[in-house]
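Report on the structure given below.
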Protein chains: 2
Amino acid sequence: MGTRRRGEELERAILHAAAEELRESGYSGMTMDRVAARAGTNKNAIYRRWPHRAALGIAAYRHLSDATMPNPDTGTLRSDALEMLRRANETWSSPHGAILRGLLAAAADDPELLTLMRERSGADTMDRAWLAMLERAAARGEALAAAAHHRVATTPMMLLRAEYAMRGIPSVPDEVLVEIVDEVFLPLVRGRG
Amino acid sequence: MGTRRRGEELERAILHAAAEELRESGYSGMTMDRVAARAGTNKNAIYRRWPHRAALGIAAYRHLSDATMPNPDTGTLRSDALEMLRRANETWSSPHGAILRGLLAAAADDPELLTLMRERSGADTMDRAWLAMLERAAARGEALAAAAHHRVATTPMMLLRAEYAMRGIPSVPDEVLVEIVDEVFLPLVRGRG
DNA sequence: CCCTATAGGGTACGCGACGTACCTTACGAG
DNA sequence: CTCGTAAGGTACGTCGCGTACCCTATAGGG
């Protein structure tokens, strides 16, 4: 039979198949047998590359989106912050986010996998974006300079994340985002009164 | 053969066995067969009471601790808050907390189970304690009255939770707790400057 | 231009664990 | 005493992971 795929090419095929399975069935529904079948290969080829299902899942996840949106810069801190939260909320509540949550749950026991995930999910990039946003706001006089602190900058996203963990999930209502911004973030960075 | 346990008694035996398994092997290591064996019964008796492993795990979890500590009231908001966070950190990083995390991960997909867990893990009680703490502080003039808001009160615990989710876990260093209090919580409730 | 090491393909299987089916046996309420 | 209900015993069906073997194509060096 004609051509047999190898190396790079086969690897991409496997990742592609795994990503499709993730999209259709989520992480818990992604089985090794089905990935292999879909990629038109067999489990051997997979296990030669990734030590277990979780590793493949994480590797495949990056194939689902490398979309990096530009940072919002609307002119006011409040709407920048809301925009960031809304984007995150959309991402997390999309089917896409469901997969990410499945992966997170699977990796929760294993610190090694967790760091792998953090790298691939662009959390650090996001944090830097918030910090930059705060610095711009401070320059405009909308926030205290002291507030341009890592812990402060990451607070809104942390709260959103925790909100997801608390609820069953699908999506956090917009009111919650507004509340995070108006009751916590803004009072925190500009000082009350 | 002598006496055959029934109803209440058997149920307690099963829960006890499940709790022991949880303690020794965590949730992912708690198998139905072993729980049944340890309780000196069989899986039938279990499945007649709980529909699946997760439900049993959650039910058994409450057998591990009903310890309800009194709320701290040290006289200053800062040390009250730190005390609360430290207690939570100890609980979460104990073997006990490992089990809870396992359960949470298992329940992450299923909103029904999640609400079950929230009820049994006393999260609501904790939230009320924070709110009470804030109100006392406001009465002493240590915090703005406007800060006695649900979202504000739950912020430190949310941040701690998210911190756990981000790292691999075992334990959050004390500096982080201090930072949450000094960089976020206190500035937020007392207003900067 | 052939030959051999390497990697892919096919397939079967061991194993652990969940959940179910079915029958037998004690218990206790009437 | 009897009979329905619940417990005990056991065996399975099913799935999915990870592994073992053996065969076959293909690349790359001699």
Side-chain angles (χ1 to χ4, degrees), chain A residues 1-18 20-22 24-61 99 102-103 105-110 112-113, chain B residues 1-18 20-22 24-61 99 102-103 105-110 112-113:
Chain A
M1 193 56 104
T3 180
R4 179 182 273 187
R5 295 161 305 176
R6 304 205 135 211
E8 273 286 300
E9 187 187 356
L10 180 56
E11 181 152 340
R12 272 199 315 268
I14 293 172
L15 283 172
H16 183 69
E20 293 282 289
E21 287 292 324
L22 277 182
E24 288 175 18
S25 322
Y27 175 68
S28 59
M30 180 197 93
T31 78
M32 298 304 257
D33 297 80
R34 284 178 43 205
V35 170
R38 182 168 210 147
T41 179
N42 61 350
K43 289 191 288 178
N44 277 333
I46 303 181
Y47 280 104
R48 244 179 244 124
R49 294 175 165 78
W50 297 275
H52 37 242
R53 198 171 73 100
L56 174 61
I58 293 173
Y61 177 76
I99 295 164
L103 283 172
D109 281 4
D110 189 337
E112 184 188 342
L113 290 179
Chain B
M1 197 52 104
T3 180
R4 179 182 274 187
R5 294 161 306 177
R6 302 205 134 214
E8 274 286 299
E9 187 188 354
L10 181 56
E11 182 152 339
R12 272 198 315 268
I14 294 172
L15 284 172
H16 183 70
E20 293 281 290
E21 286 292 325
L22 277 182
E24 289 177 16
S25 324
Y27 174 69
S28 60
M30 179 195 92
T31 81
M32 298 305 255
D33 296 80
R34 285 182 37 208
V35 170
R38 181 169 210 147
T41 181
N42 61 348
K43 288 191 289 180
N44 276 334
I46 302 181
Y47 280 104
R48 246 179 242 124
R49 293 175 166 79
W50 297 275
H52 36 242
R53 199 172 72 101
L56 174 60
I58 292 173
Y61 176 76
I99 296 165
L103 284 171
D109 282 4
D110 188 337
E112 185 188 341
L113 290 180

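Hydrogens, waters and symmetry mates are skipped; everything else that's a heavy atom, side chains included, is used. The model shown is predicted, which means the values in this text are computed figures rather than measured ones. We name chains A, B, ... by the order of the sequence lines, and we start the count at 1 in each one.
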Nearest-Å distance, [atom1] ([X]) to [atom2] ([N])?
{"X": "M30(B)", "N": "dA17(C)", "atom1": "CE", "atom2": "P", "answer": "12 Å"}
{"X": "R12(B)", "N": "dA7(D)", "atom1": "CZ", "atom2": "P", "answer": "13 Å"}
{"X": "L10(A)", "N": "dG8(C)", "atom1": "CG", "atom2": "P", "answer": "6 Å"}
{"X": "I46(A)", "N": "dG8(C)", "atom1": "CD1", "atom2": "P", "answer": "11 Å"}
{"X": "N44(A)", "N": "dA20(D)", "atom1": "CG", "atom2": "P", "answer": "11 Å"}
{"X": "E8(A)", "N": "dA27(D)", "atom1": "CD", "atom2": "P", "answer": "15 Å"}
{"X": "E9(B)", "N": "dG28(C)", "atom1": "CD", "atom2": "C1'", "answer": "14 Å"}

[X] and [Y]: which non-hydrogen atoms are nearest, and at how many Å?
{"X": "A54(B)", "Y": "L113(B)", "answer": "CB-CD1, 3.6 Å"}
{"X": "A59(B)", "Y": "W50(B)", "answer": "CB-NE1, 3.5 Å"}
{"X": "L22(A)", "Y": "A60(A)", "answer": "CD1-CB, 4.0 Å"}
{"X": "K43(A)", "Y": "A36(A)", "answer": "N-CB, 3.8 Å"}
{"X": "A17(A)", "Y": "V35(A)", "answer": "CB-O, 3.8 Å"}

Q | Selected nucleotide, minimal atom distance to R4(A) side chain, candidates dC18(C), dT10(D), dA7(C) | A | dA7(C)
Q) What parts of residues 35-43 of chain B reach DNA chain C, counting only heavy atoms under 4.0 Å away? A) K43(B)
Q: Within residues 47-60 of chain B, find the residues that approach DNA chain C with a heavy atom at under 4.0 Å, and present them sorted by residue number.
A: Y47(B), H52(B), R53(B)
Atom [atom1] of [X] and atom [atom2] of [Y]: how far apart are they, to the nearest 0.5 Å?
{"X": "L56(B)", "Y": "M30(B)", "atom1": "CG", "atom2": "CE", "result": "4.5 Å"}
{"X": "I58(A)", "Y": "R53(A)", "atom1": "CD1", "atom2": "CZ", "result": "11.0 Å"}
{"X": "I14(B)", "Y": "R38(B)", "atom1": "CD1", "atom2": "CZ", "result": "14.0 Å"}

Q | Whether R5(A) side chain and G40(A) backbone form a donor-acceptor pair below 3.5 Å | A | yes
